[in-house]
Amino acid sequence: MITDGLNPEQTLAVRTTEGPLLVLAGAGSGKTSVLTRRIAYIIGERRVDPWNVLAITFTNKAAREMNERIVKLVGKKAGDIWIGTFHSICVKILRREAERIGYSPTFTILDSDDQMTLIKQSMLDLNYDLKQYEPELIHYKISQMKNELEAADDVAATAKRSLLDQVVASTYRLYQRRLKDSNAFDFDDLIGKTIELFSEHPDVLQQYQEKFRYIHVDEYQDTNRAQYQLVQLLAQRYRNICVVGDADQAIYRWRGADISNILNFERDYPEAQVVKLEQNYRSTETILHAANAVIRHNSQRKEKNLWSGNEKGANIQIFAALDQEDEGFYVAQTIQNHVQNDGKYQDCAVLYRANSQSRAIEEAFLQAAIPYRILGGMTFYDRREIKNLMAYLKVLSNPQDEISLLRIINVPKRSIGDSTVKRLLDYAHEQELTLLQALGHGEKVGLSGRAAQAVLEFHRLLEQLADMQEGLTVTEFVSLVLQRTGLRDLYLHHPKEEERNRADNLDEFLTVTRSFDRRHPNRRVSDFLAEVSLLSDIDKGSDQEEAKVQMMTLHASKGLEFDVVFIVGFEEGIFPHQRSMFDSEGIEEERNLCYVGITRARKQLFITYCTERTIYGQMQINDPSRFLLEIPEDLTDRHVSNSMYDTNWSIGDRVQHPKWGIGVILDIRKQEEESVLQIQFQSKIGCQDVLPGKIRLKRVDA
DNA sequence: GTTATAGGTCTTTTT
DNA sequence: GACCTATAAC
């Protein structure tokens, strides 16, 4: 039976397939299990065609896992279910229907860098001072408007308020026109333009309403207005809509998520049934008790009490470190203990509020030789060489893509400098040509001989590559591009080793394309690009279970679970973050984040904070986080770091150096009023002189 | 048109 | 303390 092993509420949620259903699922209450079984039940028991089922997940990884689990229950036909993120589902729809709203199906998707570039460009063309108006802010505002489904033109009409609003409005309009001219969408457009498609073409909407008779949305508390609208449109006809969420885990208000979407579900669908999943199967009673105690401090919430049949488990360990290095050292040591007691590296996760906090932990891990993996921050796809390669591919699959063309027009160096580019752009805009077309008219642009020659050659190269695309797999085509453009040679023969390593990354990229080719034979480069553009931080990790400690932001940890969890930087100003501390809503969302973090842990939770911390190279003293006071004392064991900074050194002392790790003082001598310590380190750095006045050393007990 | 250096500026979270 | 950007020399 599909419902075997489920509790009564879970079973009810699985079996309630007709009509609207709201599942309020606390952390660790088995909602993924409920969702997968529900879909399996709809297909297996209710005999619904898989083609009629839609499931929207928060990450691609979650989609993949859900799909695998459904395949296990109902077999291969599960392949016809549409499972994906809002963004990937919309891409799929837009690829089929793009022409209806004036785009070509080979459209490209801008990554956040490209978006910023285009915003800046638009602002400069409007003669705005980038110092006076931060492009980041403008971008943020435009994104917010798109999430609220406000079109560029509506905005321009109503923007008589502040100067800033006018800047936003006109930048938005120009930016949007440029996107259109480039046959490109930004992330927000993927949702917004799909809605536009549906509202302008009722027949298309109807077709998808007929198709998606059973709709599921996970993490509903984090949907924004546009996503809400999209779901409303699709669900209108059959009203078989199942949303799953937990208002206590709403952590994306800053990117437009609107918690009232879940709070008002029963108003939107008065006939809705509601199922509450309150039994937690994941964490020990201690961890769950702590999580409940913290979240209770939020005022804006529906009362809910998670309970657990699990054992009490170990106390929560609270550690007051001296500074970030000490904190990292503690985490590293604790993990080593765990591993020595037959624990595994991959059971452990380190969670932090901001990506920048990962560095201190990383350094401690390197010293202690602990294998780790960082999710998010700078990833493979953010590397310059990868972005360059992707830009080539984007231009080749979407000839209108000006942003990408500008990126690679002179990479590798081919003597097409800024002034040449400017002339080409002016010419293109005057003649209403794309930049790529303008390249072909090199001689008419009025360029100097050398520049014209270079431009023409580049144009020919791109044309040749575009012609050769036919019939090749993505992998074959990418290797061809790497070779013909000279991109690989650029890195392969570079004098600096660092640059030569980039060639390896390009080869690594071919591994990615091979996997794509295997999964989707005969798909085009533009499909590959879309897949890559929509990967989230969680998706980007490798699939195989590696024996590595996982490091990530608290945001990225949502939906995951680990035996042992460390939350570091538990300090006022860090967590809750400085910029969220202005209003109670901000604080409450930070508290949700704290709740998410705590409930990631199955067996053991460690919380650390620093008494001093260096930010910008400036020393700063933070109070411990207010959330710490909200965890009941009797659930915790508190420790204070016993290492300390010292000035009275003697031979034989064991010390810890911030970079080189543990060592022993061999000798002390005076040199120009300063003492110099000769230290034998355990690490491969060996014996080194250290100035304790410059480098802060910590005393470590033997 | 290309490259090197110095100064100014920033760090929340992400599809 | 790191990263990008404006400026000047090649």
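Lettering of chains follows the sequences in order, A, B, ..., and the numbering in each one begins at 1.
Remark: aromatic rings of A:F575 and A:Y609 are distant, center separation not under 6.0 Å.
Between A:N592 atom CG and B:dT13 atom C1' there is a gap of 13 Å when expressed in whole angstrom units. Following rounding to the nearest Å, A:F187 (CZ) and B:dT15 (P) show an atom-to-atom distance of 8 Å. C:dG1 atom C1' lies 12 Å from atom CD of A:Q324, rounded to whole Å. Rounded to an integer number of Å, the gap from CD of A:E590 to C1' of B:dT12 is 8 Å. Between A:L190 atom CG and B:dT15 atom P there is a gap of 13 Å when expressed in whole angstrom units. Rounded to a whole Å, the CD atom of A:E136 is 13 Å from the P atom of B:dT13. Whole-Å rounding puts the A:M552 CE to B:dT15 P distance at 13 Å. A:R225 places its CZ atom 20 Å from the C1' atom of B:dT15, with the value rounded to the nearest Å.
At B:dT14, one or more side-chain N or O atoms of A:N355 fall inside 4.0 Å of OP1 or OP2 (strictly under the cut-off). Remark: A:N224 is not in phosphate contact with B:dT15, judged by side-chain N or O atoms under 4.0 Å from OP1 or OP2.
Classification of A:R384 and A:D113 as a salt-bridged pair fails, no side-chain N sitting under 4.0 Å from a carboxylate O. Using a 4.0 Å cut-off between charged nitrogen and carboxylate oxygen, A:E457 and A:R460 do not count as a salt-bridge pair.
Picking from B:dT3, B:dT15, B:dT12 the nucleotide with the shortest atom distance to the side chain of A:K413 gives B:dT3. Across B:dT2, B:dT12, B:dT15, the shortest atom-to-atom separation from the side chain of A:H87 is found for B:dT15. When the nucleotides B:dT15, B:dT12, B:dT14 are ranked by their closest atom to the side chain of A:T85, B:dT15 comes out on top. In the set B:dT13, B:dT15, B:dT12, the nucleotide with an atom closest to the side chain of A:T553 is B:dT13.
Contact of A:R353 with B:dT13 (side chain to base): a donor-acceptor pair of N or O atoms is detected under 3.5 Å.
The 12-atom threshold is exceeded at NZ of A:K92, counting heavy atoms of other residues, nucleotides or ligands nearer than 6.0 Å. Remark: A:R96 CZ is packed, more than 12 non-hydrogen atoms of other residues, nucleotides or ligands lying under 6.0 Å away.
Using a 5.5 Å limit on the distance between ring centres and a 30° limit on the angle between planes, the aromatic ring of A:W254 counts as stacked on the six-membered base ring of B:dT13.
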